[in-house]
Amino acid sequence: MSVVSEPLVRPDSLARLDSMIEDQEAAFLARTGESRRIRRDCADVLAGGVASNWQDAPPGAVWISHGSGSRVVDVDGTSYVDLHGGFGVGLVGHAHPAIVEAVGARVRKGTHFAQPTEDAVVVARALARRFGLPMWRFGNSGTEATMDAVHLMRVATGRMKIIKVEGSYHGHHDSVQVSVYPSAEDAGPAFRPRSVRQGLAVPPDLARLTIVVPFGDLEAVERVLIENPGEIAGMIVEPIMMNIGLIPPPDGYLGTLKALLNRYGAYLAFDEVKTGLAVAPGGAGELLGVVPDLICLAKALGGGLPCGAIGGTPELMGLIAEGVYEQVGTFNGNPLTMAAARAVLLDVLDDGAYRHFERLRAIMSEGAVAILRAHGLAGYVQSFGAKGAVIFHDRLLRNYRDFLDYPDQWGQAHWLYQHNGGVFLPPWGKCEQWTVSVQHGEDDARRFLVNLERMARDYAGSAAIR
């Protein structure tokens, strides 16, 4: 569900916003001295002083000490309402009693065997019920899940080319590291985007096998299918785009897309690494009424442990069972991950959890729109289930080209105001969304609104709303 504010005042200049960012960055750096010290001291052994490049967001990485319930505490001792959620992992919050009990009981029985355990069957059956696809396999990350989906579509068809959406991130394997965040100069015409490899590590010949289309554009997909007869194995798509803010599909797009691909002998894979379990019990497929040929899951499924899963039709997953495609991994179905996932699916994310997400979603979305209107700021909110984003723009984002036109400063300013006000959103500003958990309360949601109101007041120079 989206809550949209009418576009109001579009600023002629971002100079005021730049000044606000400068002030907020100074406040941020003054609060995070211990994080900077640790990073500086470990740079000789930890590349870049962080464990992932995504943790290295300006103006600096924040090192975390611990988390409990809806909060995390950094090494400087600052407590935050955690709406970062580990880039969407944290639907259960931190140290949830059901997860602690499940993992604690399992760890005393052994942590790894590289052989199946009973919980894997329970988790697979629960996923089959929720997502409408009967057969499942497990991995350790979203990257592994989307890699398996691409491999399965290629093996099933004997075709090597795939289609992906411009501006979507599907992990860091070569086939999908194409046109993730291309520059306007490199991206080519909007109606026929170029396939731009994401860095020097992606082989040019492999990047040419991934053909890029705009989100929501069925004509572009059919053109690719016609221009590459008998060569397209399938298409991987986020059913709701969640790496360029939050962009839902046009009405009817996904169902028509599946029918179109299947008509040309190709398959449709949903990347539900972010949407799965978060926007509805059965993910975006349930919310939007479309069951694809393959679904990729990760993040929230593991309750904080590394996880990945792929579900599909008997036709596709049978290729694994028959050994035509070897879906393997030493840690696939790890007992700790399966114990946590079982607790997530059976004990935590029940009907009450989704009613709770809806209450918090309404408070945050409706409150944010009211603040934008009160201060005369252009913008709107997109939100589904536990996920949402404030978009400070004078028109709805429909695809990556719209996202490119959306000034970066708004997302960075919002992130800084929230962080300095005790709310930890995902870094990288306009790219990301909030994630609420079952352990967040209304006070947490209202803290988010207090910080947003402070930013809007500072920008617009209007009186505070109490």
Side-chain angles (χ1 to χ4, degrees), residues 1-9 11 16-17 20-21 23-24 27-28 31 69-72 78-85 88 90-91 93 242 245-246 278-279 354-394 406 409-466:
M1 178 178 179
S2 63
V3 180
V4 182
S5 172
E6 293 294 328
L8 297 171
V9 178
R16 173 60 181 148
L17 206 57
M20 290 164 56
I21 290 171
D23 290 344
Q24 292 297 313
F28 175 98
R31 293 188 302 98
S70 66
R71 289 186 164 264
V72 293
T78 303
S79 176
Y80 306 88
V81 174
D82 182 16
L83 296 180
H84 183 319
L91 294 187
M242 285 201 173
L246 195 160
V279 302
Y354 290 94
R355 289 192 294 270
H356 180 68
F357 295 153
E358 175 59 25
R359 285 193 296 273
L360 296 184
R361 187 207 63 76
I363 290 170
M364 295 172 71
S365 300
E366 294 169 10
V369 168
I371 289 167
L372 295 175
R373 287 174 174 165
H375 291 279
L377 296 184
Y380 64 98
V381 176
Q382 291 281 17
S383 57
F384 300 88
K387 306 285 286 186
V390 181
I391 311 295
F392 301 91
H393 203 37
D394 59 357
Y406 171 28
Q409 292 97 320
W410 283 106
Q412 181 67 0
H414 187 221
W415 188 83
L416 286 163
Y417 268 85
Q418 292 291 349
H419 202 273
N420 288 333
V423 173
F424 209 135
L425 286 177
W428 303 109
K430 71 173 187 174
C431 298
E432 291 291 341
Q433 323 78 37
W434 76 64
T435 302
V436 297
S437 79
V438 296
Q439 299 194 73
H440 282 85
E442 292 188 8
D443 288 347
D444 296 324
R446 296 192 190 285
R447 169 54 56 184
F448 170 85
L449 296 176
V450 167
N451 293 335
L452 176 61
E453 196 277 336
R454 184 165 60 91
M455 173 184 157
R457 184 181 68 239
D458 286 354
Y459 184 81
S462 59
I465 298 175
R466 301 298 182 193

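Any value given below was found using the heavy atoms of this structure, including those in side chains, with hydrogens, waters and symmetry copies removed.
A 4.5 Å side-chain heavy-atom check between I371 and M455 finds every atom pair outside the cut-off. The shortest distance between side-chain heavy atoms of V436 and R361 does not fall below 4.5 Å. Residues Y417 and R454 meet the side-chain proximity criterion, which asks for heavy atoms closer than 4.5 Å.
Rounded to the nearest 0.5 Å, atoms CZ (R16) and CD (Q409) are 14.0 Å apart. For the atom pair CD of Q418 and CG of L83, the computed distance is 7.5 Å after rounding to the nearest 0.5 Å. Considering CG of D23 and CZ of F28, their distance stands at 15.0 Å, rounded to 0.5 Å. Expressed to the nearest 0.5 Å, how far CD of Q433 lies from CZ of F384 amounts to 11.0 Å. To the nearest 0.5 angstrom, S365 atom OG is 10.0 Å from L360 atom CG. Taking CE of M20 as the reference point, atom OH of Y459 lies at 8.0 Å (rounded to 0.5 Å).
Annotation: side chain to side chain donor-acceptor pair (under 3.5 Å) contacts of R71 (sequence neighbours excluded): S79. Here Q439 pairs with H96, S437 under the side chain to side chain contact (heavy atoms under 4.5 Å, CB included) rule; sequence neighbours left out. For R31, the side chain to side chain donor-acceptor pair (under 3.5 Å) partners two or more places apart in sequence, or in a different chain, are Y80, H419, N420. The ring pair (Phe, Tyr, Trp, His ring centres under 6.0 Å) check on H84 picks up F87, F424, with sequence neighbours excluded. When the side chain to side chain donor-acceptor pair (under 3.5 Å) test is applied to T78, no partner is found at least two apart in sequence or on another chain. With sequence neighbours left out, H414 forms a ring pair (Phe, Tyr, Trp, His ring centres under 6.0 Å) with F392, F448. Evaluation of the side chain to side chain contact (heavy atoms under 4.5 Å, CB included) rule for A368 yields V381, V390, L449, L452 as partners, not counting sequence neighbours.
Heavy atoms only, all atoms of each residue included: L246 and G388 are closest at CD1-CA, 3.9 Å. The two residues G379 and L372 make their nearest non-hydrogen contact at C-CD1, 3.6 Å. The heavy-atom pair separating I363 from A445 by the smallest distance is CG2-CB, 3.9 Å. The heavy-atom pair separating G88 from T435 by the smallest distance is CA-OG1, 3.5 Å. Contact between G245 and I391 at its shortest, heavy atoms only, is CA-CD1, 4.4 Å.
For residues 435-445, every residue pair satisfying the salt bridge (Lys or Arg N to Asp or Glu O under 4.0 Å) rule, not counting sequence neighbours, is listed here: E442-R446. For residues 425-440, the pairs satisfying salt bridge (Lys or Arg N to Asp or Glu O under 4.0 Å) are K274-E432, D408-K430, with sequence neighbours left out.
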*Derivation and outcome, side chain to side chain contact (heavy atoms under 4.5 Å, CB included), residues V423 and W434*: CA-CA 10 Å; V423 173; W434 76 64; over 6 Å; no
*For the pair E358 and R355, evaluate salt bridge (Lys or Arg N to Asp or Glu O under 4.0 Å) and give the outcome as yes or no after the intermediate values.*
CA-CA 5 Å; E358 175 59 25; R355 289 192 294 270; over 6 Å; no
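Counting only distance, with no hydrogens or angles, the side chain of H356 and the backbone of H440 share a donor-acceptor pair below 3.5 Å. With hydrogens and angles ignored, the 3.5 Å screen pairs a side-chain donor or acceptor of W415 with a backbone N or O of L425.
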